[in-house]
Structures are given as structure tokens and as C-alpha cells.
Amino acid sequence: MSTAVPEPGSKDAVTTHAAAGPDVDVVAIAPDPEVAAGIITETPLEDVFDAGTTAQAQEIISRYPMSRSALLPMLHLVQSVQGYVSQEGIAFCAKQLDLSDAEVSAVATFYTMYKRKPCGEHLVSVCTNTLCAAMGGDAIYKRLQTHLGSEEEPLGHNETAGTPNEPGSITLEHAECLAACDLAPVIQVNYEYFDNQTEDKAVALVDALQAGKKPAPTRGAPLSSFKGAELQLAGFFPEDERQYRADVDGPSQAVETLRGAKLAQDRGWVAPVAQDVPLPAVPSKDGEKK
């Protein structure tokens with residue numbers, strides 16, 4: 001008995017390929033350049049990224065001895081304009097950095113922080129890694145899926161409730177470890193932490209975001225929009241000194257985070273000093289140990 005598409009094992013397949021999933025950039029394959037010209041409709045870069053964005057791109061590039069090293073913050077800059085990395089965004093980065101579109105795409109599709117379809121005003125990331133999951137992260141994620149969607153059609157990973165980029169819209173994602181196991185389960189909104197969450201607290205949080213409010217994170221900078229956070233990740237901060245200091249100097253640690261260090265200090269515990277230990281002899285190619 002044959003299989004519909006190739007599968008591990010000895011069975012023959014009806015076709016020699018598996019159908020592509022939805023998250024791909026290939027639209028079609030054309031036999032010649034004249035036909036290919038009509039496959040993708042491109043918006044002129046100057047209509048998407050204005051002179052101000054180009055100046056910011058050049059400022060980013062000036063920070064690095066090799067221009068291609070600026071690609072990661074450049075992709076964040078693109079997201080601060082469009083709310084995701086579009087084909088125009090990839091072409092913009094390639095043009096500014098003298099790279100090919102393929103080189104930029106290889107990076108943009110490798111990291112989950114670069115979104116391939118428009119995000120909501122807020123990106124809500126629910127940690128579903130081991131400890132957060134065991135402490136309720138999985139239940140929180142499922143509750144938000146149905147709360148932002150419905151029982152019949154729960155909101156999926158990287159899907160948006162509302163119109164992307166519009167006020168009150170929310171993109172939901174389940175995230176790998178958010179590096180806050182001591183405060184599990186945790187949620188991030190535009191990469192700011194909301195610790196020690198419950199299902200009800202998470203629902204109240206997204207309700208507030210949809211209503212246009214900006215709840216204060218447990219720690220870190222005051223909440224901004226997804227695009228605002230992306231601009232800061234690109235390296236551009238508020239010019240107002242007071243706001244800048246509030247963003248940069250927001251509390252980053254919690255009582256739980258420092259509890260072990262304080263306990264060690266109170267009890268006089270110190271880590272043992274590492275001792276230099278000679279490396280064991282290993283045989284050389286001629287069989288002698290050296």
C-alpha cells in the first residue's frame with residue numbers, strides 16, 4: 001500500500017513531495033524571468049521606508065566595523081515600521097547592507113523574534129517550557145487561546161485577535177524558556193515580564209490591553225507597543241531624559257531571584273575556589289601518551 005507523500009520506511013509514495021505549510025515565502029515557480037516578474041507584486045521601498053527610517057538604518061550601520069553585523073538590529077527596525085518582516089523589509093535590509101535577499105531571509109527566518117506576518121499592537125508570549133508548563137503555563141496558554149478566539153476556533157500560535165497593527169489587537173504565541181523559572185509561570189507583553197501568572201490574571205491582562213490600557217509590568221520598563229519595543233531593540237530610545245531613565249533603570253530583579261544569593265550571604269557561604277588540575281595524558285597518533 002502506497003502513502004500519499006514520502007514517509008520513513010520502505011513504502012512507495014504516490015507523490016514525491018509533501019505539501020508546503022502556510023509559513024513559506026515561495027509563491028510559485030516560474031519557467032522564465034518574464035513570467036516570474038508577475039508572481040510577486042513589490043511595493044517600492046521608498047513607499048514603505050521613508051528617509052527617516054533610512055537615516056536610522058545608516059546610524060545602525062555606523063555602529064559596526066562591518067556593515068553586515070548590523071542585520072539583527074536592522075530587522076528590528078523594519079518591524080518597528082511594519083510590525084513584521086515583509087519581503088519589502090528584507091529587500092530594504094539587503095539594499096542598505098549590500099547583501100542578497102537570500103542572505104537576509106536566512107537570518108529573518110531563523111529567529112522566532114522576527115515575525116513573518118503582521119503582529120498585533122501587543123505581542124503576548126506565554127512561556128510553555130518545562131517549569132512554567134508544570135506551574136500552569138500550558139493551562140494559561142489554552143485559556144487565552146479560547147478567550148481571544150473561541151471554544152470552536154481557539155486562537156493559534158502567532159495568530160492575532162483583532163486587526164494587526166490596530167489598537168487593541170493582540171498576537172498570541174507560546175514561547176520557549178523566558179528565563180524566569182523562579183517566577184513561573186510567566187508571560188511577556190512586548191518582551192516585558194508579567195510574573196507569577198494565573199489563568200484569571202492572564203485574562204485580565206489581555207482584557208486591559210484590548211481596552212487600550214497599559215498595565216505596569218512586574219519589572220522592567222513601562223509597557224509600550226510591539227512597534228515601540230522593536231524600535232528600542234533596534235537601539236533607539238526616548239530623547240526625553242526622564243523617560244529614558246525610567247525605561248533603562250526599571251527594576252529587573254525580584255525577591256525570588258535574589259533569595260539564594262541573600263541566603264548564602266547571611267550564612268557566609270562562598271563558592272569553592274577552582275583548583276588548577278593537570279589535564280590527563282592522551283595518546284598521540286603514534287601511540288605514545290603526551
Side-chain angles (χ1 to χ4, degrees), residues 18-27 40 43 48 75-76 78-90 105 107-130 132-133 136-178 180 184-194 197-215 217 223-231 233:
D23 188 20
V24 295
D25 292 326
V26 177
V27 177
I40 299 177
T43 303
V48 181
L75 288 168
H76 285 298
V78 164
Q79 291 199 138
S80 77
V81 176
Q82 292 188 293
Y84 75 119
V85 177
S86 66
Q87 288 301 117
E88 292 86 3
I90 287 173
S105 293
V107 174
T109 56
F110 181 82
Y111 295 101
T112 59
M113 59 189 175
Y114 301 124
K115 306 304 180 184
R116 299 317 315 277
K117 56 185 178 180
C119 270
E121 180 187 19
H122 300 293
L123 174 65
V124 174
S125 311
V126 182
C127 184
T128 55
N129 214 325
T130 307
C132 277
D138 281 346
I140 289 171
Y141 180 68
K142 290 179 180 178
R143 177 77 176 274
L144 291 183
Q145 282 187 292
T146 56
H147 183 72
L148 294 171
S150 66
E151 291 286 347
E152 296 74 25
E153 295 186 20
L155 196 68
H157 171 63
N158 271 337
E159 292 184 348
T160 301
T163 303
N165 289 325
E166 292 296 318
S169 56
I170 292 176
T171 297
L172 179 67
E173 69 172 357
H174 66 78
E176 287 302 317
C177 184
L178 295 180
V186 297
I187 290 176
Q188 283 184 343
V189 178
N190 306 327
Y191 305 116
E192 299 297 343
Y193 283 99
F194 291 81
Q197 290 294 296
T198 64
E199 291 182 46
D200 290 341
K201 288 166 68 175
V203 167
L205 174 60
V206 298
D207 284 348
L209 295 173
Q210 289 182 313
K213 301 176 182 178
K214 292 185 177 179
L223 196 62
S224 68
S225 66
F226 175 69
K227 287 183 177 180
E230 287 298 302
L231 187 61
L233 288 171

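Only this structure's heavy atoms are used, side chains among them; waters, hydrogens and symmetry mates stay out.
By the side chain to side chain donor-acceptor pair (under 3.5 Å) test, Gln79 is found to be paired with Glu230, residues two or more places apart in sequence or in another chain being considered. Taking Phe110 as the reference, nothing meets the side chain to side chain contact (heavy atoms under 4.5 Å, CB included) condition, with sequence neighbours excluded. Annotation: salt bridge (charged side-chain N to carboxylate O under 4.0 Å, His left out) contacts of Glu176 (sequence neighbours excluded): none. The side chain to side chain contact (heavy atoms under 4.5 Å, CB included) test applied to Glu121 returns Pro167, Ser169, Ser225, not counting sequence neighbours. The side chain to side chain contact (heavy atoms under 4.5 Å, CB included) search around Val206 returns Val124, Leu144, His147, Leu148, Ile170, not counting sequence neighbours. With sequence neighbours left out, the side chain to side chain contact (heavy atoms under 4.5 Å, CB included) criterion links Gln188 to Ser125, Leu178, Tyr191, Tyr193.
Here the closest non-hydrogen pair linking Lys117 and Tyr84 is O-CB, 3.3 Å. Closest non-hydrogen pair, Gly89 versus Val78, comes out as CA-CG1, 3.7 Å. Minimum interatomic distance between Gly137 and Thr128 (heavy atoms only, all atoms of both residues): O-CG2, 4.3 Å. Here the closest heavy-atom approach between residue Ile140 and residue Ala202 is recorded as CG2-CB, 3.7 Å. The minimum heavy-atom distance between Pro118 and Asn165, with the atom names listed, is CB-ND2, 4.3 Å.
Note on Lys213 versus Asp207: no salt bridge recorded, every NZ/NE/NH1/NH2 to OD/OE distance being 4.0 Å or above.
Judged by distance alone, with hydrogens and angles left aside, the side-chain atoms of Lys214 form no donor-acceptor pair with the main-chain N or O of Ser224 at under 3.5 Å. The main-chain N or O of Leu123 is found under 3.5 Å from a side-chain atom of Asn190 such that the two form a donor-acceptor pair. The backbone N or O of Val85 sits less than 3.5 Å from a side-chain atom of Arg116, completing a donor-acceptor pair.
The shortest distance between side-chain heavy atoms of Asp200 and Arg143 falls below 4.5 Å. Side chains of Pro215 and Leu223 form a contact here, defined as non-hydrogen atoms less than 4.5 Å apart.
The distance from atom CD of Glu153 to atom OG1 of Thr146, rounded to the nearest 0.5 Å, is 13.0 Å. Taken to the nearest 0.5 Å, the CD atom of Glu173 stands 7.5 Å off from the SG atom of Cys119. Note that the OH atom of Tyr141 and the CG atom of Leu155 stand 7.5 Å from one another [nearest 0.5 Å]. Residue Met113 holds its CE atom at 10.0 Å from NZ of Lys115, rounded to the nearest 0.5 Å.
Enclosure of atom NZ in Lys227 by more than 12 non-hydrogen atoms of other residues, nucleotides or ligands within 6.0 angstrom is indicated.
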Show me, pair by pair, the donor-acceptor contacts under 3.5 angstrom made by side chains of residues 156-163, not counting sequence neighbours?
residue, atom, partner, partner atom, Å
His157, ND1, His174, N, 3.3
Glu159, OE1, Gly156, N, 2.7
Thr160, OG1, Thr171, OG1, 2.6

